[in-house]
Amino acid sequence: MKSRPGTYALILKVNAPFEISVGKLGSLSGEKGFYIYCGSAFGPGGVKARTTHHAGQSQRPHWHIDYLRPIATISEIWYSYDPVKREHDWTNTLLDDQQISLPFIGFGSSDCSCRSHLLFSNQHPSFHRFVRKIHTQFADHKTISRFGNESDFSLKAGQRVTRKSTPGN
């Protein structure tokens, strides 16, 4: 992963039902399964800096996702260095899948008009199906890559990134 601007999706696994308090959203109850958080990283450090932040546990939560991270394990990170902010496109494309739903209205979308940037699925979302849909809908979209399997890294709830090998761009 590089320090370039782009869009990313965190694929998070939660192993048990939960209740968390998330800033102005208040108390939220969720179920075990997979949560997909779509974001963009166009500030200093780009995708690498933002996903490194999200990989750890924040002592002072800044983004909504920081409140979910202590109970969720990152299984994959999908990302693109597309110069266009694509988090809205990614969220809407993922939501087209009948197995994906919105667990919490307003989560991660307080700075835009989207209903949410956090999605839920009972099963791990398909990277390949997602990429096919994105490139069908947005012919000008840049390459989408993924980072994350047991040989690449281990991201446990509340831990920092521990890389075992260097991922591809």
Membership question, hydrophobic clusters at under 4.5 Å side-chain separation (ILVMFWY): are [Y] and [X] in the same one?
{"X": "Ile65", "Y": "Leu94", "answer": "no"}
{"X": "Ile105", "Y": "Phe120", "answer": "no"}
{"X": "Phe138", "Y": "Phe127", "answer": "yes"}

Taking the six-membered ring for Trp, is the centroid-to-centroid distance between Phe104 and His64 below 6.0 Å?
no
Do His88 and His117 have ring centroids that are under 6.0 Å from one another?
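Yes, the ring centres sit under 6.0 Å apart.
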If I take atom CD from residue Glu87 and atom CG from residue Asn92, how far apart are they, to the nearest 0.5 angstrom?
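One finds 11.0 Å between CD of Glu87 and CG of Asn92.
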With rounding to the nearest 0.5 Å, note down the distance linking NZ in Lys32 to CG in Asn15.
7.5 Å
[X] vs [Y] side-chain heavy atoms within contact, under 4.5 Å:
{"X": "Arg50", "Y": "Trp63", "value": "yes"}
{"X": "Pro125", "Y": "Phe34", "value": "yes"}
{"X": "Lys13", "Y": "Tyr35", "value": "no"}
{"X": "His124", "Y": "Ile11", "value": "yes"}

In short, Ala72 meets Val14 closest at the heavy-atom pair CB-CG2, 3.8 Å
What one should report as the nearest heavy-atom pair of Ile77 and Met1 is CG2-CE, 4.1 Å
Residue from Leu118, Val22, Leu28, Leu10 passing side-chain contact (heavy atoms from CB on, under 4.5 Å) with Leu68
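Considering Leu118, Val22, Leu28, Leu10, a side-chain contact (heavy atoms from CB on, under 4.5 Å) with Leu68 is found only for Leu118.
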Without swapping roles, check the side chain of Ser101 against the backbone of Pro103 for a donor-acceptor pair under 3.5 Å.
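No; zero donor-acceptor contacts below 3.5 Å.
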Salt bridge between Arg86 and Asp89, side-chain N to carboxylate O under 4.0 Å?
yes
So does Lys85 have more than 12 non-hydrogen atoms from other groups sitting under 6.0 Å from NZ?
no
Between Trp90, Phe147, Phe130, which is the residue that forms a ring pair (Phe, Tyr, Trp, His ring centres under 6.0 Å) with Trp78?
Phe130
